[in-house]
Amino acid sequence: MNYWLMKSEPDECSIDTLAQAPAQTVPWIGVRNYQARNFMRDGMRLGDGVLFYHSSCPEPGIAGLAEVSGLAYPDASQFDAQSPYFDPKSTPEAPRWLNVDVRYVRKTALLSLKQMRASPTLASLRVLHAGNRLSITPVTAQEWQAVLALLETL
DNA sequence: GCCAACGTTGGC
DNA sequence: GCCAACGTTGGC
């Protein structure tokens, strides 16, 4: 079992959007970074834990928990010329971009970025490191437990 | 809207 | 394969 932190802009897909989606599941489309793609392709297994993080919004932070419910498969939006995620260099024969499916587990009180930074137990969390831009980052079991423990205190 | 970080592109 | 220019991310 692996753990991940996945960023989403709540304007696009918030924890509430996920909770209200059909089967409480969304395809995690739009990842256009090779490292993040490789985490989905090579690292994610069914049932992996996901910290659902709201980014680019007034209150960035962890807004809920989710799980990987579908293994990586080609991201349809790369072939859609109308999509902002369209990639003219990708072909169906050799798809460049993949997505997993993510299923809602539960909404939590917001663990804000500020609170995360203030917590010594989360000091190692990749997303807190300067300049981190990856939309998907691995989370260790210790970090996962530390986040759950912090959520208990909110 | 600023800007630091850093991934990607493309000329050589 | 180097590296400068450029684009994107994302907190502030």
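Side chain of A:Tyr34, nearest nucleotide from B:dT8, B:dC6, B:dG10: B:dT8. Minimum atom distance to the side chain of A:Leu113 is reached by C:dC12, of the listed C:dG10, C:dC12, B:dG7. Which of B:dG10, B:dA5, C:dG10 sits closest to the side chain of A:Ser55 comes down to C:dG10. The side chain of A:Tyr53 lies closest to C:dG11 when the candidates are C:dT9, C:dG11, B:dT9.
Between A:Asp11 atom CG and C:dG11 atom P there is a gap of 13 Å when expressed in whole angstrom units. One can place CG of A:Leu128 at 10 Å from P of C:dC12, the figure rounded to the nearest angstrom. Remark: P of C:dT9 and CD1 of A:Ile136 are 13 Å apart, rounded to the nearest angstrom. A:Gln35 places its CD atom 7 Å from the P atom of B:dG7, with the value rounded to the nearest Å. Taking atom CG on A:Asn132 and atom C1' on B:dC6, their separation rounds to 10 Å, with Å as the unit. To the nearest angstrom, C1' of C:dG11 lies 16 Å from CD1 of A:Ile62. Following rounding to the nearest Å, A:Leu134 (CG) and B:dT8 (C1') show an atom-to-atom distance of 14 Å. Between the CZ atom of A:Arg126 and the P atom of B:dA5 there is a distance of 17 Å, rounded to whole Å.
Taking only side-chain nitrogens and oxygens, A:Lys7 comes nearer than 4.0 Å to OP1 or OP2 of C:dG10. Taking 4.0 angstrom as the limit, A:Tyr85 places none of its side-chain polar atoms (N or O) nearer than this to OP1 or OP2 of C:dT8.
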Taking it one step at a time, do A:Asn99 and A:Tyr73 satisfy side chain to side chain donor-acceptor pair (under 3.5 Å)? CA-CA 6 Å; A:Asn99 66 269; A:Tyr73 58 94; 3.2 Å; yes

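For the atom pair A:Ile62 CD1 and A:Leu122 CG, the distance stands at 7.0 Å (nearest 0.5 Å). With rounding to the nearest 0.5 Å, the separation of CH2 in A:Trp28 from CG in A:Asp101 is 11.5 Å. The CD atom of A:Glu12 sits 10.0 Å away from the OG atom of A:Ser55 when rounded to the nearest 0.5 Å.
For the pair A:Asn33 and A:Lys89, both in contact range of DNA chain B, the more 5′-proximal nearest nucleotide belongs to A:Asn33.
Applying the salt bridge (Lys or Arg N to Asp or Glu O under 4.0 Å) test between A:Asp75 and each of A:Arg32, A:Arg96, A:Arg37 identifies A:Arg32 as the sole match.
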